[in-house]
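Keep in mind the model is a prediction, meaning the values are calculated, not measured. Both counts, for ligands and for their atoms, begin at 1 and track the order of listing. In this chain, numbering begins with 1 at the start of the sequence shown.
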Amino acid sequence: MGVRVQKYGGSSVADLRRLRIVAARVAATRAAGHEVVVVVSAMGNTTNELLALAREVSANPGRRELDMLVSVGERVSMALLAMALQELGVPARSFTGSQSGIITDESHANARVVEVRPERVRAALDAGEVAIVAGFQGVSRAREVTTLGRGGSDTTAVVLAAALKAEECEICSDVDGVYSADPRVVPGARRLDTMSLAEALAMARAGGQVLAEEAVAWAHAEGVVLRASATYSTQPGTRVSASPSPTRISAVVTDRELLYAPLSWLPRVPTACVRAASPVGLVLDRRNLHTDLPDLLPVATVSVIGRRVGADPKILAEVLDVSSRTGEELRDWWASSDSVTIRVAPLGASELERALHGHFCEGTTA
Ligand code: ASP
Ligand code: MG
C-alpha cells in the first residue's frame, strides 16, 4: 500500500485529549499498512492569538516577523503529536516546513510554494516512521521562514501528497465534508459525496472554507485526489477528484471576509489579496492583509458553483433574476468558468444564499 497524507486542522488538535485521538487515528492508518505523512495545524485558536499579540505590539507589523511568529504554532502541534504517537509505540518524527523541503517564493505571510524536496520525509517513511510535518510554512531561497496564507496547512498537505505520489490526501477537520451550502445558514444544504477538482477550486476562490484555495489549485494541477472528512467519524466524507461532479450546480458559497476599495487602492494592497476587480472597485480578501486599511466597506459575495456556469447565459440570467428578487440591492457581479458571483451588503448575504440554493440545488433542478 502506498503513501497516505492526512492533514488535521486546528480544531482537531485543539487540546491534548483531541491530539491523542488524532494520534490513535494515525496509528490505525499505519496499522492498516499505509505509509503515513501527517500535516498539522496550530492548536485551536493559536494562530489568531499570535496575530493578536503582534497587533498589540504594532499596528502594521512587518510581514517577515509575522512569519517568524505564526510559524511557531504548527511546530508546537508537530512535536506534541510525534510524542503522542511515540507513547502509543509508533515511531514518529516531526519536521518543520523547511526540513520537509517546502520551498516558497519570498512573499511573506502569503507565500507560494515553488518547489518540494521531501527527502527527509521520504527517508523517515523508509525507516518505518510516521512523518509529522508542521503545516502552513516553508522556506524561501533566501532561507527565510515563510508562511502560506491563512488555511495554508492544506497546501502543505497537498504539495507533499503530489511530491510523494500519495494515493490520497485527506483533509480532516470538524466538518464531515464539503456541503452544497453552509448548513448553519441553509437548512436544505447537503453533503456532497463527490465533486470535481475544478469546481472545488472555484469554490475555494469564492471563499469556501473547507479546502484552501492554493491547496486545491495544486491538487487540480497535479491530479491529487483529495478527501474532506471529519476527524471523529468513520464516514467517507467528500471525495474530490478529476471526475466531473454529479449535478449541474454543486454549491452556493458565501464569503463574508471581504472589503471593498476604490480601484486607486490597487498599488497599496498585496496582489494576492485582490479577489476581484471591476470598473467600480476592488474586492479584497481581508484574511491575509494584516494591515490597517481605514474606511473600507465590509462586503460579502455569494457565488453559484457548477461546471461552466460562468459561460452559460441561461444560468447567469437565473442567478441575476433570483438575486434581484431577494430585495437585496444587486451591487456588482462577475463570472469565471465555474462560478458566478454576486456582491452584496453583508447583511443580505444569508438571504441570497438561501434563495440561490433553493433555486439551483433543491427540488427538481438539483
Ligand atoms: N494555522 C494556520 C491558520 O490558522 C494555518 C492552518 O490552520 O491551515 O490559518
Ligand atoms: Mg482550513
Side-chain angles (χ1 to χ4, degrees), residues 5-15 18-19 22 37-55 63 66-81 94 96-97 100 102 104 107-113 132-138 145-161 169-179 182 200-201 203-219 226-231 237-238 240 253 255-257 270 272-273 285-290:
V5 176
Q6 293 180 337
K7 177 259 172 175
Y8 292 94
S11 60
S12 301
V13 294
D15 53 40
R18 287 182 242 213
L19 190 101
V22 167
V37 176
V38 182
V39 175
V40 280
S41 287
M43 294 172 80
N45 205 27
T46 303
T47 307
N48 287 335
E49 285 162 9
L50 292 171
L51 287 169
L53 279 178
R55 296 303 289 260
R63 292 168 82 87
L66 276 175
D67 278 350
M68 294 300 260
L69 180 70
V70 293
S71 57
V72 171
E74 272 69 12
R75 298 183 180 204
V76 172
S77 307
M78 75 175 186
L80 291 174
L81 183 60
S94 66
T96 65
S100 316
I102 314 271
T104 74
S107 34
H108 283 291
N110 211 358
R112 297 281 86 103
V113 176
I132 319 277
V133 176
F136 176 56
Q137 57 193 273
V145 173
T146 52
T147 63
L148 310 180
R150 298 307 305 267
S153 295
D154 292 3
T155 310
T156 307
V158 173
V159 300
L160 283 170
C169 179
E170 194 181 3
I171 307 288
C172 307
S173 70
D174 52 0
V175 294
D176 59 354
V178 179
Y179 277 72
D182 184 344
L201 181 56
M203 212 167 156
R205 288 196 172 133
Q209 287 303 293
V210 182
L211 299 168
E213 177 183 339
E214 184 70 3
V216 189
W218 264 80
L226 302 177
R227 185 179 296 280
S229 50
T231 304
T238 303
V240 188
V253 184
D255 193 346
R256 292 182 178 77
E257 296 289 319
C273 295
D285 183 348
R286 69 178 354 151
R287 279 167 284 240
N288 294 310
L289 272 173
H290 303 304

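- Note: an N/O pair closer than 3.5 Å links S153 and ligand 1 by distance alone.
- Of the polar atoms of D154, none of the N or O atoms is found under 3.5 Å from an N or O of ligand 1, judged by distance alone.
- A side chain to side chain donor-acceptor pair (under 3.5 Å) with D255 is found for one member of R205, Q209, R287 and no other, namely R287.
- At least one heavy atom of G152 sits closer than 4.0 Å to an atom of ligand 1.
- When only non-hydrogen protein atoms are considered, atom 1 (N) of ligand 1 lies nearest to E74 OE2, 2.6 Å.
- Taking D67 as the reference, H108, T147 meet the side chain to side chain donor-acceptor pair (under 3.5 Å) condition, with sequence neighbours excluded.
- For the 3.5 Å distance criterion, the side chains of R150 and N48 qualify, holding a donor opposite an acceptor.
- Against a heavy-atom cut-off of under 4.0 Å, S41 is close to the following atoms of ligand 1: 6 (C), 7 (O), 8 (O).
- With T47 as the fixed residue, the side chain to side chain contact (heavy atoms under 4.5 Å, CB included) test singles out one of L50, L51, N45: L51.
- A heavy-atom separation below 4.0 Å is not found between G135 and ligand 1.
- With sequence neighbours excluded, no residue forms a side chain to side chain donor-acceptor pair (under 3.5 Å) with R63.
- In this structure, atom 3 (C) of ligand 1 lies nearest to the protein heavy atom R150 NE, 3.4 Å.
- We find that R227 and E170 are not joined by a salt bridge, their nearest charged nitrogen and carboxylate oxygen being 4.0 Å or further apart.
- Distances below 4.0 Å separate heavy atoms of G151 from the following atoms of ligand 1: 3 (C), 5 (C), 6 (C), 8 (O), 9 (O).
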